[in-house]
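Below: the structure, in structure tokens.
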Amino acid sequence: MKINVEERADGKELNAETREHEEHDLRISTVKRITSLFERANKYVLGVIAVLILVDCVTLALGEVRPSDRLINSHVIMVLLGAMTVQVGSIMLIIFTYLFRKKAETQAE
């Protein structure tokens with residue numbers, strides 16, 4: 001049985017099992033970074049929408065706008081739902097493409 005051993009930059013030997021473990025850890029940390037980026041972006045957008053809803057409710061209660069002139073209407077909700085669908089699809093595509101690469105691509109690297 002032959003063990004594939006490489007030497008790292010710091011001089012430590014690295015066998016195939018250790019390399020796979022380190023690659024797995026790298027993939028998991030990358031997925032966490034990607035998902036946290038999308039999570040922060042969504043929180044920011046939700047914060048902006050919350051402020052707009054508050055402004056919308058106040059101006060409506062004060063009688064400054066008519067209900068037909070609201071900032072947040074059904075079109076805005078539909079755009080948000082569509083954007084969220086595209087975003088979730090993008091996240092899944094990025095993560096699955098990164099995590100489940102073809103065997104030939106991983107061996108070429």
Side-chain angles (χ1 to χ4, degrees):
M1 175 183 227
K2 184 178 178 183
I3 298 175
N4 184 12
V5 178
E6 295 179 7
E7 193 169 312
R8 292 182 359 181
D10 59 6
K12 294 181 181 177
E13 289 185 352
L14 182 68
N15 63 23
E17 183 178 326
T18 306
R19 183 179 44 209
E20 285 179 21
H21 181 69
E22 286 182 358
E23 185 176 327
H24 176 265
D25 290 343
L26 176 64
R27 289 178 189 274
I28 295 298
S29 68
T30 303
V31 167
K32 287 180 181 179
R33 278 188 253 142
I34 290 170
T35 53
S36 73
L37 174 68
F38 280 104
E39 184 180 331
R40 282 183 275 152
N42 281 332
K43 286 180 181 178
Y44 175 75
V45 169
L46 287 175
V48 170
I49 291 170
V51 169
L52 289 175
I53 289 173
L54 182 64
V55 168
D56 203 21
C57 290
V58 169
T59 55
L60 192 59
L62 294 175
E64 294 179 10
V65 296
R66 297 183 312 240
S68 61
D69 297 333
R70 296 184 73 164
L71 293 172
I72 306 295
N73 58 20
S74 62
H75 298 291
V76 173
I77 300 298
M78 292 305 292
V79 167
L80 289 173
L81 287 173
M84 188 177 295
T85 303
V86 169
Q87 188 180 62
V88 169
S90 299
I91 293 170
M92 299 309 277
L93 180 65
I94 291 168
I95 290 173
F96 285 125
T97 302
Y98 185 71
L99 287 178
F100 303 111
R101 293 184 292 180
K102 294 179 182 173
K103 203 64 158 169
E105 290 176 9
T106 58
Q107 290 175 352
E109 294 177 359

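- Distance check: Glu39 CD to Lys32 NZ gives 12.5 Å after rounding to the nearest 0.5 Å.
- Pro67 approaches Arg70 most closely through the heavy-atom pair O-CG, 2.9 Å.
- Hydrophobic clustering of Ile, Leu, Val, Met, Phe, Trp and Tyr side chains at less than 4.5 Å, counting indirect connections, keeps Val86 apart from Leu93.
- No continuous path of hydrophobic side-chain contacts links Val31 to Leu37 [ILVMFWY only; heavy atoms under 4.5 Å].
- Both Tyr44 and Val55 are members of a single hydrophobic cluster when ILVMFWY side chains are connected at heavy-atom separations under 4.5 Å.
- The shortest side-chain heavy-atom distance between Val76 and Asn73 falls under the 4.5 Å cut-off.
- Rounded to the nearest 0.5 Å, atoms CG (Asn42) and CD1 (Ile91) are 7.0 Å apart.
- Taking each heavy atom of Leu71 and Asp56 in turn, the nearest pair found is N-OD1, 3.1 Å.
- With hydrophobic clusters built from ILVMFWY side chains whose heavy atoms lie under 4.5 angstrom apart, Ile53 shares a cluster with Leu80.
- Taking SG of Cys57 as the reference point, atom CG of Leu62 lies at 11.0 Å (rounded to 0.5 Å).
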*Residue pair His75, Val79: steps toward the side-chain contact (heavy atoms from CB on, under 4.5 Å) verdict*: CA-CA 6 Å; His75 298 291; Val79 167; 5.5 Å; no

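- Taken from CE in Met78 to CG in Leu81, the straight-line distance is 6.0 Å, to the nearest 0.5 Å.
- Annotation: the span from Ile72 atom CD1 to Leu60 atom CG amounts to 12.5 Å, rounded to 0.5 Å.
- Residue Glu22 holds its CD atom at 9.5 Å from CG of Leu26, rounded to the nearest 0.5 Å.
- Under the 4.5 Å side-chain contact rule for hydrophobic residues, Val45 and Val48 share a cluster.
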